[in-house]
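Report on the structure given below.
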Amino acid sequence: MTRVIGLMSGTSVDGIDAALVDIFGTDLNIKVELVAGETYPYPVNIRERILEVCAGKTISMLELAQLDDAVASCFAEAAIKIQAGHQKATLIGSHGQTIYHRSLTGKYGQAKLGYSLQIGRGILISHLTGITTVNNFRAADIAVGGQGAPLVPRVDAALLSHHSESRCIQNIGGIGNVTYIPAHGDNWLSLIRGWDTGPGNSLLDLAVEHLTDKAKTYDEDGNWASSGTPNFTLVEQWLDEEYFHLLPPKSTGRELFGVDYLHQCIKDAENFQLSPADFLATLTELTAVSIVESYRNFLPQMPNRVLLCGGGSRNLYLKHRLQDLLGNIPVSITNEVGLNADFKEAIAFAVLAYWRQTGSPGNLPAATGASQEVLLGNIHIPL
Ligand SMILES: Nc1ncnc2c1ncn2[C@@H]1O[C@H](COP(=O)(O)OP(=O)(O)OP(=O)(O)O)[C@@H](O)[C@H]1O
Ligand SMILES: CC(=O)N[C@H]1[C@@H]2OC[C@@H](O2)[C@@H](O)[C@@H]1O[C@H](C)C(=O)O
């Protein structure tokens with residue numbers, strides 16, 4: 001058994017998810033037990049600086065260095081806090097904070113290689129915690145021609161495959177991403193697929209901030225949106241977005257589904273004089289339809305079951321809309337099959353660090369487009 005800490009802050013930039021886990025076994029034959037999970041919110045000024053950089057604000061190298069210092073310290077603090085009262089971990093997998101992601105799709109499609117920058121340097125986390133730390137998980141996949149994302153599909157395959165049921169594991173973070181896992185059988189591993197579906201909560205969160213003058217950062221349980229009515233003409237118009245029609249493998253980020261995108265949505269909505277609740281319902285519908293349409297368009301067949309994870313799985317209105325659009329395919333939360341939906345991504349980076357240390361590949365070429373399986377991440381041993 002190895003006790004590992006997984007640390008993740010995603011595109012919602014709401015805080016650092018920390019998972020303390022025990023991992024048994026090797027490669028795809030692993031078992032993971034969650035010992036503790038906690039989200040540690042960023043200090044408001046750091047969150048704002050990260051969001052500004054993600055939105056394209058130009059900053060100096062000095063400011064970037066300061067931001068990296070701050071993020072690494074927050075990550076190290078999260079690792080220290082999550083262990084309180086527990087036996088200590090011997091390994092940390094730290095995703096870091098993505099501040100830029102150049103995918104190989106859409107308007108960046110001409111680039112030969114992807115590029116993905118996560119700040120919060122591993123050497124500092126390892127030094128501050130005294131624990132071997134693996135970070136920079138996306139670089140190796142990108143070097144062999146992959147998008148560097150999504151990386152969770154191989155972990156999903158290890159933890160959530162089923163002998164007779166095909167499943168879509170749908171993460172709804174700032175950005176949404178899916179892993180399709182066929183039921184066990186011949187070649188089931190080679191039939192797994194994964195891609196970023198598009199906006200998860202990113203546009204909804206930005207809209208709530210805009211509508212409340214930053215008093216609120218998200219629509220709790222989707223209550224506000226549920227009191228409105230989606231405008232289907234707008235949804236149809238927004239579904240023309242090129243990203244939704246690109247064939248997987250594909251990845252995206254706040255570079256596309258960010259502030260500028262929301263401003264365009266606000267502009268489009270002016271013609272319809274929507275109430276704030278109608279506007280939120282319409283954005284929720286876009287999120288739900290873009291997810292379900294991507295299954296219909298890109299999967300060999302629809303799954304037997306959809307399992308949600310990530311903060312968006314708590315948005316009851318979004319969940320209800322997904323269930324409605326999926327008809328008789330049941331939609332539930334990964335908790336129902338034994339994996340904590342709030343900490344699944346943090347758990348995934350603990351597993352990826354474990355695989356790096358034990359010499360197993362972490363990427364799934366069918367999901368990232370990489371030319372081969374590779375070991376993911378840089379190992380930092382405490383100084
Ligand atoms: N009770 C709730 N009701 C509605 N939405 C919620 C609730 N709790 C969390 N969320 C949403 O979930 C978001 C955080 O989700 P999560 O932590 O999975 O995202 P992330 O890891 O930052 O993103 P990504 O998966 O893109 O990396 C919040 O910003 C909010 O929009
Ligand atoms: C560049 C980056 O940070 N991408 C995230 C983001 O958040 C969701 C989606 O976009 C996903 O592809 C990815 O994270 C998860 C953990 C992944 O790599 O599987």
Side-chain angles (χ1 to χ4, degrees), residues 6-18 37 39-42 47 50-51 54 93 95-103 105 114-119 136-139 141-142 146-156 169-179 194-209 216-226 248-258 280 283-284 287 308-319 334 340-349 351-352 362-364 367-368 376:
L7 301 173
M8 169 78 192
S9 172
T11 46
S12 300
V13 199
D14 54 334
I16 300 159
D17 292 337
T39 300
Y40 301 101
Y42 277 122
R47 174 170 198 263
I50 294 167
L51 285 171
C54 291
H95 172 268
Q97 179 65 56
T98 297
I99 55 164
Y100 181 67
H101 183 68
R102 181 180 77 189
S103 68
T105 46
Y115 191 92
S116 200
L117 182 57
Q118 285 75 44
I119 58 171
N136 199 20
F137 286 93
R138 303 192 189 274
D141 180 84
I142 287 172
Q147 305 260 344
L151 295 180
V152 290
R154 198 183 183 91
V155 180
D156 285 343
I169 316 302
Q170 179 68 48
N171 173 53
I172 309 175
I175 297 296
N177 58 291
V178 66
T179 305
W195 62 85
D196 285 355
T197 48
N201 306 295
S202 64
L203 299 177
L204 282 167
D205 286 357
L206 285 166
V208 168
E209 282 199 359
K216 288 190 175 165
T217 54
Y218 69 98
D219 178 16
E220 197 171 350
D221 301 344
N223 282 335
W224 198 356
S226 76
K250 57 178 178 175
S251 66
T252 189
R254 294 185 80 99
E255 293 75 17
L256 177 59
F257 297 110
L280 290 177
L283 284 177
T284 307
T287 303
L308 304 180
C309 60
S313 65
R314 292 181 173 270
N315 183 325
L316 301 180
Y317 177 61
L318 176 57
K319 187 170 175 246
T334 57
N340 187 300
D342 293 326
F343 295 104
K344 190 175 80 71
E345 283 196 342
I347 293 169
F349 283 91
V351 171
L352 289 171
N363 63 336
L364 205 64
T368 64
L376 300 180

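Read the numbers this way: they start at 1 and go in the same order the structure lists the ligands and their atoms.
- On a distance-only criterion, E345 and ligand 2 share no N/O pair closer than 3.5 Å.
- At a heavy-atom cutoff of 4.0 Å, ligand 2 is contacted by both the backbone and the side chain of V152.
- When only non-hydrogen protein atoms are considered, atom 11 (C) of ligand 2 lies nearest to D196 OD1, 3.5 Å.
- In terms of polar-atom proximity, defined here as any N/O pair under 3.5 Å, E220 makes no such contact with ligand 1.
- For D205, every heavy-atom contact with ligand 1 shorter than 4.0 Å involves the side chain, none the backbone.
- The closest protein non-hydrogen atom to atom 5 (N) of ligand 1 is Y218 CD1, 3.6 Å.
- Protein heavy atom at the shortest distance from atom 22 (O) of ligand 1 is S12 N, 2.9 Å.
- With respect to Q170, the side chain to side chain donor-acceptor pair (under 3.5 Å) criterion is satisfied by exactly one of T197, T179, N177: T197.
- Counting heavy atoms under 4.0 Å from ligand 1, residue N171 touches it through the side chain alone.
- For ligand 1, the atoms lying closer than 4.0 Å to a non-hydrogen atom of E345 are 21 (O), 24 (P), 25 (O), 27 (O).
- Distances between N or O atoms of G310 and those of ligand 1 include no value under 3.5 Å.
- In this structure, the protein non-hydrogen atom closest to atom 6 (C) of ligand 1 is G311 O, 3.4 Å.
- Below 4.0 Å from some heavy atom of M8 lie the following atoms of ligand 1, by number and element: 27 (O).
- Proximity of D17 to ligand 1, defined as any heavy-atom pair under 4.0 Å, is confined to the side chain (atoms from C-beta onward).
- For ligand 2 and T98, the ligand atoms under 4.0 Å from any heavy atom of the residue are 1 (C), 2 (C), 3 (O).
- If you check which protein heavy atom lies closest to atom 23 (O) of ligand 1, you get G174 N, 3.0 Å.
- The number of heavy-atom neighbours closer than 6.0 Å to OH of Y115, taken from other residues, nucleotides and ligands shown, is 12 or below.
- The shortest separation from a heavy atom of G200 to ligand 1 is not under 4.0 Å, leaving the residue out of contact.
- Considering backbone and side-chain atoms together, S9 places no N or O closer than 3.5 Å to any N or O of ligand 1.
- In plain terms, the two heavy atoms of A367 and P249 that are nearest each other are O-CB, 3.5 Å.
- For the 3.5 Å distance criterion, the side chains of Q97 and S9 qualify, holding a donor opposite an acceptor.
- The main-chain N or O of Q147 is never found under 3.5 Å from a side-chain atom of T368 such that the two would form a donor-acceptor pair.
- Looking at every heavy atom in both residues, P150 comes nearest to G194 through CG-C, 4.2 Å.
- Looking only at heavy atoms of the protein, atom 4 (C) of ligand 1 is closest to D219 O, 3.2 Å.
- Between K319, R314, H95, Q97, it is R314 that holds the heavy atom closest to atom 2 (C) of ligand 1.
- Inspection of the N136 and Q118 side chains reveals no N or O donor paired with an N or O acceptor under 3.5 Å.
- At a heavy-atom cutoff of 4.0 Å, ligand 1 is contacted by the side chain of D14 but not by its backbone.
- Of the N or O atoms in N177, none lie within a sub-3.5 Å distance of an N or O in ligand 1.
- Of all the heavy atoms of L151, the ones lying under 4.0 Å from any atom of ligand 2 are found in both the backbone and the side chain.
- In terms of N/O distances under 3.5 Å, ligand 2 is not approached by H101.
- Note on ligand 2: F137 sits outside its first shell, no heavy atom being nearer than 4.0 Å.
- Looking at N201 against ligand 1, only its side chain comes within 4.0 Å, counting heavy atoms.
- When all heavy atoms of Y218 and D205 are compared, the pair lying nearest together is CB-OD1, 3.3 Å.
- Residue-level proximity to ligand 2 for S116 is carried by the side chain, the only part with a heavy atom below 4.0 angstrom.
- Inclusion of I175 in the set of residues having an N or O under 3.5 Å from an N or O of ligand 1 is warranted.
- In terms of protein heavy-atom proximity, atom 1 (N) of ligand 1 is nearest to D221 OD1, 3.1 Å.
- Using a 3.5 Å distance cut-off with no hydrogens or angles, the side chains of D196 and T252 do not pair a donor with an acceptor.
- Residue contacts with ligand 2 leave out G174, since none of its heavy atoms falls under 4.0 Å from the ligand.
- Near H95, with a cut-off below 4.0 Å to any heavy atom, the atoms of ligand 2 are 3 (O).
- Shown in contact with G312 at under 4.0 Å from a heavy atom are these atoms of ligand 1, numbered in order with element: 12 (O).
- Note on R47 versus D14: no salt bridge recorded, every NZ/NE/NH1/NH2 to OD/OE distance being 4.0 Å or above.
- Nearest non-hydrogen protein atom to atom 27 (O) of ligand 1 is G10 CA, 3.0 Å.
- Here the heavy atom of the protein found nearest to atom 26 (O) of ligand 1 is T11 OG1, 2.3 Å.
- The closest side-chain donor-acceptor pair between H101 and R254, if any, does not fall under 3.5 angstrom.
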